[in-house]
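One structure below.
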Number of protein chains: 2
Amino acid sequence: MTVKMDFDESAQMLKALAHPTRLHLLNLIREKHPCVRFMEESLGLAQPNISQHLSIMRQAGIVQAERDGNQVCYRIKNPRISRLLDILLD
Amino acid sequence: MTVKMDFDESAQMLKALAHPTRLHLLNLIREKHPCVRFMEESLGLAQPNISQHLSIMRQAGIVQAERDGNQVCYRIKNPRISRLLDILLD
DNA sequence: TATCGATATTCGAATGTATGAATATACAGA
DNA sequence: TCTGTATATTCATACATTCGAATATCGATA
């Protein structure tokens, strides 16, 4: 029962990671703690699209937003995620 | 370019992991090197459904099938996957 | 408070994924 | 070779995800 629960939670987290754009964003976020504008230029994608992906990762507890005046910057929220990214992207 | 490629590949691998049934199967597979019949009974799901999930993971290079007489047993193919599962499921 | 730049949300169409039901294939043993 | 057990594949339908376009919100500054 509890075990099954874990699979559900883990699967949901993985689903939120399982998109090339989101991995690309995470790779930026873990290195640079960037604001949305910066991510937009780095990836060359439309702002709403980036915001949508960030929203998915926020809801999944993967990243955390921090307002800095006019802008919003992101960081990795969960240390477990950092470890996963190390394995995935290095 | 190559970097973008990596995100694509990693995302595809994650997509193949991102399902509770598949995580449950992988948890069995990494511990017991089981055949399909065993997984079927352990999870209490229909055989075609299990086979479908195994097929997805085979195609993604996550698991490897080995025929043993009448049965087919599975094992984790990629050591990177083992490390991911350690982080995810422990 | 009006405006502007930055970010977020909503909606709809296209595409992708999950699952049950039916069926096919593979191998072992009679 | 026929039968039975184990596993894989196909198909159809329901459901979820993706992305662009349009629009809304938020905070800073004039």
Side-chain angles (χ1 to χ4, degrees), chain A residues 4 7-26 28-29 32-77, chain B residues 4-5 7-29 32-77:
Chain A
K4 184 63 166 58
F7 294 136
D8 285 351
E9 279 174 34
S10 298
Q12 257 194 302
M13 209 181 62
L14 289 176
K15 230 166 39 170
L17 291 174
H19 190 288
T21 297
R22 295 200 282 274
L23 289 179
H24 202 161
L25 288 173
L26 283 171
L28 276 185
I29 290 172
K32 302 205 161 126
H33 190 32
C35 67
V36 179
R37 191 91 226 309
F38 181 86
M39 300 191 234
E40 191 187 338
E41 293 191 349
S42 297
L43 271 69
L45 296 176
Q47 177 272 317
N49 191 5
I50 296 209
S51 236
Q52 284 164 348
H53 285 299
L54 290 171
S55 166
I56 288 169
M57 294 196 284
R58 250 186 289 122
Q59 284 178 255
I62 291 172
V63 297
Q64 187 169 14
E66 277 169 29
R67 181 167 284 278
D68 176 14
N70 216 5
Q71 335 194 107
V72 177
C73 299
Y74 280 80
R75 65 173 56 206
I76 305 284
K77 186 174 187 180
Chain B
K4 184 63 165 57
M5 264 351 218
F7 293 136
D8 286 351
E9 278 174 33
S10 297
Q12 256 195 303
M13 209 182 62
L14 287 176
K15 236 168 29 173
L17 290 174
H19 190 289
T21 298
R22 293 199 284 274
L23 289 179
H24 202 160
L25 289 173
L26 283 171
N27 196 39
L28 275 186
I29 290 171
K32 302 206 161 126
H33 188 33
C35 67
V36 179
R37 192 89 227 308
F38 182 85
M39 302 191 234
E40 189 186 340
E41 292 191 349
S42 297
L43 270 67
L45 297 176
Q47 178 272 319
N49 191 5
I50 296 209
S51 236
Q52 284 161 349
H53 285 299
L54 290 171
S55 166
I56 288 168
M57 295 196 285
R58 248 185 290 122
Q59 283 179 255
I62 292 172
V63 298
Q64 187 169 15
E66 277 167 30
R67 182 167 283 279
D68 175 16
N70 215 3
Q71 335 194 106
V72 177
C73 299
Y74 280 80
R75 63 172 58 204
I76 306 284
K77 186 175 187 180

With rounding to the nearest 0.5 Å, note down the distance linking [atom1] in [X] to [atom2] in [Y].
X     : Y     : atom1 : atom2 : value
B/L25 : B/L17 : CG    : CG    : 11.5 Å
B/Q52 : B/T21 : CD    : OG1   : 11.0 Å
B/L45 : B/H24 : CG    : NE2   : 8.5 Å
A/H53 : A/N49 : NE2   : CG    : 4.0 Å
A/H33 : A/I76 : NE2   : CD1   : 11.0 Å

side-chain contact (heavy atoms from CB on, under 4.5 Å), that's the test. Do A/M13 and A/I62 meet it? Break it down for me. CA-CA 8 Å; A/M13 209 181 62; A/I62 291 172; 4.3 Å; yes
Which residues satisfy the salt bridge (charged side-chain N to carboxylate O under 4.0 Å, His left out) test with A/R75, sequence neighbours excluded? A/E66
Within residues 38-46 of chain A, residues whose heavy atoms come under 4.0 Å of DNA chain D: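 Nucleic-acid contacts, sorted: none.
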Apply side-chain contact (heavy atoms from CB on, under 4.5 Å) to A/L54 and A/I29, showing your working. CA-CA 11 Å; A/L54 290 171; A/I29 290 172; 4.0 Å; yes
side-chain N/O B/H19 vs C/dT19 OP1/OP2, d < 4.0 Å: yes
Using chain B heavy atoms and a threshold of under 4.0 Å, write down where along DNA chain D the contacts begin and end, 5' to 3'. D/dT5 to D/dT10
Quiz item: A/Q52 side-chain donor-acceptor pair to C/dT10 base, under 3.5 Å: yes
Symbol by symbol from the 5' end, with Watson-Crick or G-U pairs under 3.5 Å, [ ] crossing and | another strand, DNA chain C is ||||||||||||||||||||||||||||||
Across nucleotides 22-30 of chain C, 5' to 3', mark each nucleotide with B, S or - according to how protein heavy atoms within less than 4.0 Å reach it. B----BS--
Can I get a per-line list of side-chain donor-acceptor pairs under 3.5 Å for residues 37-44 of chain B, giving both atom names and the distance, sequence neighbours left out?
{"from": "B/R37", "atom 1": "NH1", "to": "B/E41", "atom 2": "OE2", "distance (Å)": "2.9"}
{"from": "B/R37", "atom 1": "NH2", "to": "B/E41", "atom 2": "OE2", "distance (Å)": "3.2"}
{"from": "B/S42", "atom 1": "OG", "to": "B/F38", "atom 2": "O", "distance (Å)": "3.0"}

